[in-house]
Amino acid sequence: MAEAAEFQGTTPAPAVRRFRHLVTVLTGLLVLLGMAELPSAPAAHADAGGSRTVGVSIDTLTPGAPTQNDKITISGTVTNKSRTTVTGGHVGLRTGPLLTTRSEIDDIGDRTSFSPGTDGPEIGGHTQKIGKLQPGVSREFSLTLPAKDLKLDKDGVYQLGVSFSGQTADQGYERVLGIRRTLLPWQPSGTDGKKTKLTFLWPLISSTRLTGRTESDQQQTPVFPDDDLAAELAPGGRLQQLVALGKNLPVTWVIDPDLLATVEAMTKRYQIPGPDGEDVPGQGQAVAKQWLGQLQSAVAGHQVVALPFADPDLASLAHRGKNVPGTLGHLQSATELAATTVDTILQVKPRTDFAWPVDGAVDSSVVDVATSAGAHNIIARSDSLREPDGSPYAPTAARQIGGGNTAIVADARLSTAFEGDLTRAGDASLAVQRFLAQSLMVNKQAPENERSIVVAPQRVPTTSQAQAMATALGALSDGRWTEPLDLGDAAKAKPDPSAGRHVPGTGAYPDSLRSQELSAETFTAVRATQASLDKFKAILTSPERVVIPYGSAIMREMSTSWRGDAAGASDFRGEVSSNLTGLTQQVKLVEKSDATLSGRSATIPVTVKNGLLQGVTGLTLRLESTQPNRLKVESEQPVKIEGGHSQSVKFETRAYANGPVRLRARLYTADNQPFGDPVEFTVHVTSVTLMVLLVIAGGVFLLVLAGLRIYLKRKRSGNREPSADGSGDGGADPSDDDGPGGDEPERPGDPADSGKRSGRPSGPGEKVER
């Protein structure tokens with residue numbers, strides 16, 4: 001139209017000019033945004049929508065960090081995701097531009113549409129024909145080429161794409177129908193500057209299992225909830241793979257001692273619940289012994305960091321548990337037990353001065369709690385303890401945070417590189433390449449500065465994640481831009497002056513992590529269970545038989561493994577408490593039926609039963625009467641019983657009145673705390689009759705009168721005066737007579753009468769003895 005206007009010597013109308021201008025502007029914008037394409041020859045044609053027709057997966061890239069003389073092999077699969085058949089298909093390689101930032105590395109793998117400007121041209125001479133590809137059908141491919149054919153001129157990280165080109169029935173020309181990108185770290189001759197010191201933590205942590213319950217035998221055979229741990233220890237299992245993979249890697253082992261203690265218990269006889277509810281023998285002894293032997297060999301010569309026993313949740317303790325009395329004491333005990341457990345089972349002296357909060361998320365309260373048990377090195381992460389002004393530069397991990405404490409700040413990108421589902425080969429391969437690329441990019445940030453970088457991956461890696469981690473570390477083994485360093489040495493590295501060291505406040509803790517924390521009720525329940533254990537152990541002659549299994553179980557109640565599983569944590573706590581209560585109830589009073597008291601005094605027996613295998617001591621049994629004025633009871637008796645025996649304790653009683661009297665028997669500890677449930681019964685007093693009471697009352701009355709008479713008689717004798725002739729006998733006192741008004745009349749058979757009959761004279765002053 002413009003050409004016709006010019007030829008005719010006329011100019012376009014204003015509306016036409018505005019329309020043409022608008023079309024030009026929109027076309028330019030679309031081209032810049034990659035949403036439109038400039039016309040090109042059919043062989044180079046690309047379609048944003050069509051480039052998603054075929055799915056491409058890069059399953060392997062070897063070597064992950066090639067040198068100039070290596071041959072690169074890329075293999076994977078292509079899958080027709082459309083409803084139409086693709087013909088004339090082939091797979092090719094495309095080298096993208098040199099990446100300059102770590103953020104660009106993050107984005108690789110997210111885009112699925114083809115962009116000619118960034119994906120680059122296809123490398124000639126290195127393609128593989130696929131031919132016809134029907135809907136839903138997948139085909140494997142494998143491309144091998146010399147690394148030098150990539151023609152990479154500078155060291156750094158490149159985008160490497162695998163594209164699928166072909167034709168469809170609706171468009172009969174070849175175009176890119178699918179593409180997948182990965183990363184290629186390129187530094188064939190090693191770094192020109194200083195290498196990055198790389199510390200990689202290799203976590204050996206599992207979920208909580210043992211509740212403290214054991215069989216009632218001398219060996220205290222442990223009872224496991226199931227035999228799932230045996231599958232993890234067996235060849236191919238998660239824990240077996242972690243040990244086998246980590247054996248030859250330059251890593252620092254981070255171990256939960258509870259896992260070692262649990263596996264060590266499996267090496268002996270143990271029980272699991274059977275299908276009918278009865279306990280049956282577990283079958284994992286052989287794999288448990290084999291795994292421990294492999295682990296002892298794997299950690300030899302490596303640094304071992306022991307977490308506090310059962311890996312307590314430090315953030316939950318800081319935010320919800322520290323105000324519950326006694327809670328922080330468990331952390332100190334768990335730290336002490338950790339060193340003993342690792343040393344005993346692995347014959348290795350572990351480091352126990354490192355604390356590792358979940359995901360390296362810290363705030364001031366988490367640091368305070370973590371350091372309260374002696375761990376002055378806190379493993380944080382760079383997305384929690386951030387660099388000032390969001391600096392992209394990755395400084396040395398160690399930095400002082402005050403109070404003599406050191407934060408070891410793990411690199412967030414490297415630490416999260418292996419998260420997510422890596423069971424698909426394509427995802428695992430991309431994770432490996434992303435890790436390698438990020439490590440090289442860190443080195444390229446400041447190659448003249450020697451830095452120490454720490455990688456703290458997910459706490460419980462899956463088998464596929466562990467395999468990807470091992471592959472990445474193996475690709476770094478030639479040490480072109482990194483060299484390994486133990487965590488202990490990383491903690492002593494000289495900090496960067498500009499590194500961030502400000503610990504955020506409690507309000508900065510991530511909400512997503514806070515919502516997974518253990519509840520405040522958890523720590524209240526822990527305190528109650530610990531109180532029950534303390535009371536129970538005080539009466540035992542061999543308290544370690546109970547303290548060791550149940551003390552460990554209480555520590556497990558605070559484990560990090562319960563994050564996000566509130567129901568499981570509650571069930572576990574309930575089982576621990578229930579099992580301990582059932583054990584304490586083995587020492588109890590035997591129920592007693594009502595009794596009848598047939599006398600004024602009697603002995604009442606109360607039986608104490610000890611169903612434990614060990615003896616109990618330090619208990620006192622008290623029997624109390626609700627009506628002591630009716631029935632008085634001897635108050636208390638000491639109790640000491642051998643294991644598996646009963647003791648009958650007898651109490652003396654005295655009855656004062658008839659009728660029923662309620663008695664209450666209960667055990668008490670040495671510190672006057674009640675132990676177990678009381679037993680109550682009724683005693684019916686029936687032998688104290690009215691006649692007996694009258695006789696008792698009459699006897700008491702006569703005794704009182706006799707005493708009064710003796711008192712009066714002695715008083716009168718003391719008041720007599722001497723006679724006038726000095727004989728001392730002043731004559732008879734009329735009041736001395738037994739009867740009133742003078743001498744009592746003589747009765748036959750009294751002494752006076754007997755004297756007369758015997759012919760013996762009786763003088764007027766003679767005294768008659770009675």
Side-chain angles (χ1 to χ4, degrees), residues 29-37 46-52 54-61 64-65 74 76 92-122 150 152 154-164 176-187 381-383 386-387 390-394 410-422 424-445 453 455 457-458 465 468-469 471-472 475 481:
L29 289 173
L30 291 174
V31 170
L32 289 174
L33 294 174
M35 298 176 63
E37 298 166 359
D47 181 2
S51 62
R52 299 187 183 96
V54 175
V56 181
S57 172
I58 302 175
D59 297 339
T60 63
L61 171 58
I74 302 176
L93 294 177
R94 299 171 184 268
T95 305
L98 180 69
L99 305 180
T100 58
T101 66
R102 300 186 72 184
S103 298
E104 290 177 323
I105 295 175
D106 296 336
D107 297 336
I108 294 297
D110 295 337
R111 293 183 293 111
T112 57
S113 61
F114 175 62
S115 176
T118 57
D119 288 319
E122 191 176 85
L150 296 176
L152 305 176
K154 294 182 179 180
D155 293 352
V157 178
Y158 289 86
Q159 172 188 294
L160 182 64
V162 176
S163 62
F164 177 91
V176 175
L177 298 177
I179 189 168
R180 182 70 170 175
R181 302 169 185 86
T182 188
L183 295 153
L184 187 69
W186 181 251
Q187 189 155 322
R381 209 165 69 184
S382 60
D383 54 355
R386 300 177 180 272
E387 303 308 316
S391 171
Y393 173 79
D411 185 88
R413 283 188 170 96
L414 293 172
S415 297
T416 59
F418 303 102
E419 293 183 352
D421 184 5
L422 300 186
R424 293 184 299 181
D427 295 332
S429 176
L430 181 59
V432 170
Q433 296 308 121
R434 182 178 285 122
F435 179 86
L436 296 174
Q438 290 285 2
S439 66
L440 178 57
M441 190 68 78
V442 168
N443 183 265
K444 288 294 181 183
Q445 287 176 341
I453 302 298
V455 180
Q458 56 272 34
Q465 291 170 346
M469 289 157 53
T471 301
W481 62 83

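Closest approach of Glu122 and Gly92 over heavy atoms only: OE2-CA, 3.8 Å. Smallest separation of non-hydrogen atoms from Arg94 and Gly120: NH1-O, 3.0 Å. Between Gly426 and Ser57, the closest heavy-atom pair is CA-OG, 3.8 Å. Taking every heavy atom of both residues into account, Ala412 and Ser382 meet most closely at N-OG, 2.9 Å. When all heavy atoms of Ser415 and Ala410 are compared, the closest pair comes out as OG-CB, 3.7 Å. The shortest non-hydrogen separation linking Asp155 to Lys444 is CB-NZ, 3.5 Å.
Between atom CG of residue Leu440 and atom CH2 of residue Trp186 there is a gap of 12.0 Å, rounded to the nearest 0.5 Å. Atoms CZ and CG, on Arg180 and Asp59 in that order, are 10.0 Å from each other to the nearest 0.5 Å. In this structure, CD on Gln465 lies 9.5 Å from CZ on Phe418, to the nearest 0.5 angstrom. Taking CG from Leu98 and NZ from Lys154, the interatomic distance works out to 7.0 Å, rounded to the nearest 0.5 Å. Atom CG of residue Leu160 and atom OG1 of residue Thr95 lie 5.5 Å apart, to the nearest 0.5 angstrom. Distance CG/Leu184 to OH/Tyr158: 9.0 Å, rounded to 0.5 Å.
Checking Val56, Val162, Asp119, Val54 one by one against Ile179, the side chain to side chain contact (heavy atoms under 4.5 Å, CB included) holds for a single residue, Asp119.
When side chains are defined from C-beta on, Ser429 does not count as touching Arg424, because their heavy atoms never get closer than 4.5 Å. Counting only heavy atoms from C-beta outward, the side chains of Asp427 and Asp421 never approach each other to under 4.5 Å. The shortest distance between side-chain heavy atoms of Thr60 and Ile74 does not fall below 4.5 Å.
At distances below 3.5 Å, at least one donor-acceptor pair connects side-chain atoms of Ser439 with backbone N or O atoms of Leu436. With Arg181 contributing its side chain and Ile108 its backbone, the two residues share no donor-acceptor pair below 3.5 Å. Panel note: side chain Gln438, backbone Ile105; no donor-acceptor pair is recorded below 3.5 Å. Glu104 contributes a side-chain N or O that, together with a main-chain N or O of Thr100, makes up a donor-acceptor pair within less than 3.5 Å. Judged by distance alone, the side chain of Gln458 and the main-chain N or O of Thr416 form no donor-acceptor pair under 3.5 Å. Listed for the Gln159 side chain is no donor-acceptor partner under 3.5 Å among the backbone atoms of Gly96.
Using a cut-off of 4.0 Å between Lys/Arg side-chain N and Asp/Glu carboxylate O, Arg102 and Asp411 are scored as salt-bridged. Asp106 has no carboxylate O lying under 4.0 Å from a charged side-chain N of Arg434, or vice versa, which leaves the two without a salt bridge.
Residues forming a salt bridge (Lys or Arg N to Asp or Glu O under 4.0 Å) with Asp383 (at least two apart in sequence, or on another chain): Arg381.
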Full working for side-chain contact (heavy atoms from CB on, under 4.5 Å) between Phe435 and Val455: CA-CA 10 Å; Phe435 179 86; Val455 180; 4.2 Å; yes
